[in-house]
Undergrad: 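Before we start, here is the structure in question, set down as structure tokens.
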Amino acid sequence: MPNFCCKILANFTAMEQEKIDNFTEKLKTAFNEGNLVKLTLSKLRAKENDLQKITITPVRLKAGLKVNFVYSYKKRDITKNYSLDESLDLIKNGLAEDFLSADMYIVGENVKLLIDKKNVAKLLIKKIDLPKPVSLNHNRIKERAIVTQDNIWLREVGITNAAWQVKHEMKDKYLQINRYIELLQPEIERLEKKDHLTVVDMGSGKGYLTFALYQHLTNSYYKNINMKGVEYRPDLVDICNRIATKAGFENLEFLQGTIENTQFADPDILIALHACDTATDDAIFRGISQNASLIVCAPCCHKQIRKAMKVENEFSSVLKHGILEERQAELLTDGLRALIMEVFGYKTRVFEFISSEHTSKNIMIVGRKVGINEARKAKVLEEITAVKRLFGIERHYLEDLLNM
Ligand SMILES: C[S@@+](CC[C@H](N)C(=O)[O-])C[C@H]1O[C@@H](n2cnc3c(N)ncnc32)[C@H](O)[C@@H]1O
């Protein structure tokens, strides 16, 4: 247990001590039977204590079932794992010296121990309908592409805490990063094998996905890689460059610039994830005009086509509802992007990137350069014209960029 400041030692009577012993006995039984869900120690005796609470849960590690303590301080969390015996001692000490409240959830019960300033304890037990903790029924944690242990960038971007554990509020982000790598994996494997790989990430933002891809590529495939992140916010560029240095990512560099005005000769992979509106088109244009082997984008907002649509046929009665018009514009924007990429020799796939329960900006377009014959090209151009005619669209912004 960290050394708390301002300790006040509680002096319990035999009767109060018995209640505390009953509480810890219940904890011990619940833990041994796999019924412990969570215990929180809170309400510090000394108000000036930086520590706010301790959250205690069972955790299955390689070394067996342990007790995980998360010490929540005002500005950081510290995590430690203990054996059951160590935990019981720490909890008893904690109740004697530091905390006035212990709130425990076990299968079927909520058990509360409340201590007042005069060290009078109350043990409250309420029947509740709580199932067995699911995580303990599995003794294997899914191996993820991006490991957490000793992974410096993941900690520096704030996804993991000092103990290399994924922070509760960053779980979705962590899953999203892993999903992204899983989805790109088959595309990376299809790339022509070569010694050197160039990757550009347009609109790299806080760099989550840039770092993840760099690490995955250098760990799994390419020792010789050159990766750039392009971002117009200088503060993010500085932060990301600092993290890259800390993590020892020698061949990853973030540059301040715009997607529209930054060019790289022959990148193998061009990425643009969640770039707003036509910035996605600017990125696709860069990829196509610089002959990227793989273009990966996850469009963000779609304004241009919505404004360009002039529907004067049977569809107009459906599109009078704003939300449907917006969705239709999104479909058309991305569908036309995929077709235009095809015209330039990219075999395209459009799919859901992450589940829509996390975000509605979840479509990914992946284009792999394979070439196209003239007959197919003519056919795709006809398809583009037909779709545009149906929705009264004169031009897609990407067509203008590509001078089609
Ligand atoms: C929504 S964030 C996405 C960041 C990252 N790609 C991701 O998916 O986690 C979009 C980022 O692109 C940057 N950005 C938007 N338009 C840009 C442009 N035209 N040129 C360069 N950066 C741009 C923004 O500053 C922002 O950091």
Side-chain angles (χ1 to χ4, degrees), residues 145-146 151 153-154 156-160 166-167 169-184 187 199-217 227-244 247 249 252-264 267 269-290 292 294-304 330 333-334 337 350-356 358-366 397-398 400-401:
I146 301 298
N151 199 348
W153 76 264
L154 210 54
E156 293 297 315
V157 298
I159 289 179
T160 52
V166 177
K167 292 180 189 169
E169 66 278 17
M170 296 307 273
K171 279 196 174 130
D172 281 352
K173 194 81 209 172
Y174 179 63
L175 289 179
Q176 186 195 46
I177 289 169
N178 280 285
R179 180 87 186 112
Y180 165 68
I181 297 296
E182 278 167 26
L183 285 170
L184 285 193
E187 300 296 343
V199 187
V200 184
D201 185 358
M202 297 292 207
S204 48
K206 292 184 182 159
Y208 298 113
L209 301 169
T210 331
F211 291 124
L213 184 60
Y214 178 89
Q215 185 170 56
H216 183 67
L217 288 170
M227 189 156 173
K228 304 275 186 237
V230 176
E231 167 57 52
Y232 73 53
R233 273 183 53 187
D235 55 328
L236 294 181
V237 172
D238 285 350
I239 293 170
C240 287
N241 275 327
R242 244 179 284 137
I243 295 174
F249 292 168
L252 170 61
E253 188 188 9
F254 293 85
L255 306 169
Q256 199 274 326
T258 61
I259 300 173
E260 303 82 307
N261 295 322
T262 311
Q263 289 195 40
F264 294 95
I269 306 179
L270 183 135
I271 314 247
L273 303 175
H274 307 123
C276 289
D277 197 17
T278 50
T280 295
D281 298 306
D282 290 311
I284 295 174
F285 166 65
R286 284 268 162 256
I288 291 176
S289 55
Q290 278 145 33
L294 188 64
I295 299 175
V296 178
C297 52
C300 186
C301 38
H302 302 68
K303 298 199 185 100
Q304 186 252 325
E330 287 177 17
T333 308
D334 293 333
R337 279 172 177 154
V350 180
F351 52 91
E352 204 175 47
F353 171 26
I354 30 170
S355 146
S356 51
H358 300 294
T359 169
S360 58
K361 315 267 185 266
N362 60 354
I363 293 291
M364 186 172 264
I365 306 173
V366 174
Y397 179 70
L398 185 54
D400 287 339
L401 292 174

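Count residues from 1 along the sequence. Read the numbers this way: they start at 1 and go in the same order the structure lists the ligands and their atoms. These numbers come from a predicted model, not from an experiment.
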Undergrad: Filter the ligand 1-protein atom pairs down to N or O on both sides and distance under 3.5 Å, then list them.
TA:
residue, atom, partner, partner atom, Å
ligand 1, 6 (N), Gly203, O, 2.8
ligand 1, 6 (N), Leu273, O, 2.8
ligand 1, 8 (O), Leu273, O, 3.3
ligand 1, 8 (O), His274, ND1, 2.8
ligand 1, 19 (N), Glu260, OE1, 2.9
ligand 1, 20 (N), Ile259, N, 2.9
ligand 1, 22 (N), Tyr232, N, 3.4
ligand 1, 25 (O), Glu231, OE2, 2.6
ligand 1, 27 (O), Glu231, OE1, 2.7
ligand 1, 27 (O), Glu231, OE2, 3.2

Undergrad: Who passes side-chain contact (heavy atoms from CB on, under 4.5 Å) against Asp281, sequence neighbours left out?
TA: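 For Asp281, the residues satisfying side-chain contact (heavy atoms from CB on, under 4.5 Å) (neighbours in sequence not counted) are Thr278, Arg337, His396, Tyr397, Leu398, Leu401.
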Undergrad: Answer whether the closest heavy-atom distance between the side chains of Ile177 and Leu209 falls below 4.5 Å.
TA: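 In short, these two side chains touch, coming nearer than 4.5 Å.
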Undergrad: Who pairs with Lys228 by salt bridge (charged side-chain N to carboxylate O under 4.0 Å, His left out), at least two apart in sequence or on another chain?
TA: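 Listed in chain order: Glu253.
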Undergrad: Counting C-beta onward and ignoring hydrogens, is there a side-chain heavy-atom pair between Leu270 and Arg286 closer than 4.5 Å?
TA: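 Leu270 vs Arg286: side chains touch.
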Undergrad: Is there side-chain contact between Ile146 and Gln215, with heavy atoms separated by less than 4.5 Å?
TA: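 Contact flag for Ile146/Gln215 side chains = yes.
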Undergrad: Suppose the criterion is salt bridge (Lys or Arg N to Asp or Glu O under 4.0 Å): which pairs have a residue in residues 229-242, not counting sequence neighbours?
TA: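 Listed once each, the pairs are Arg233-Asp235.
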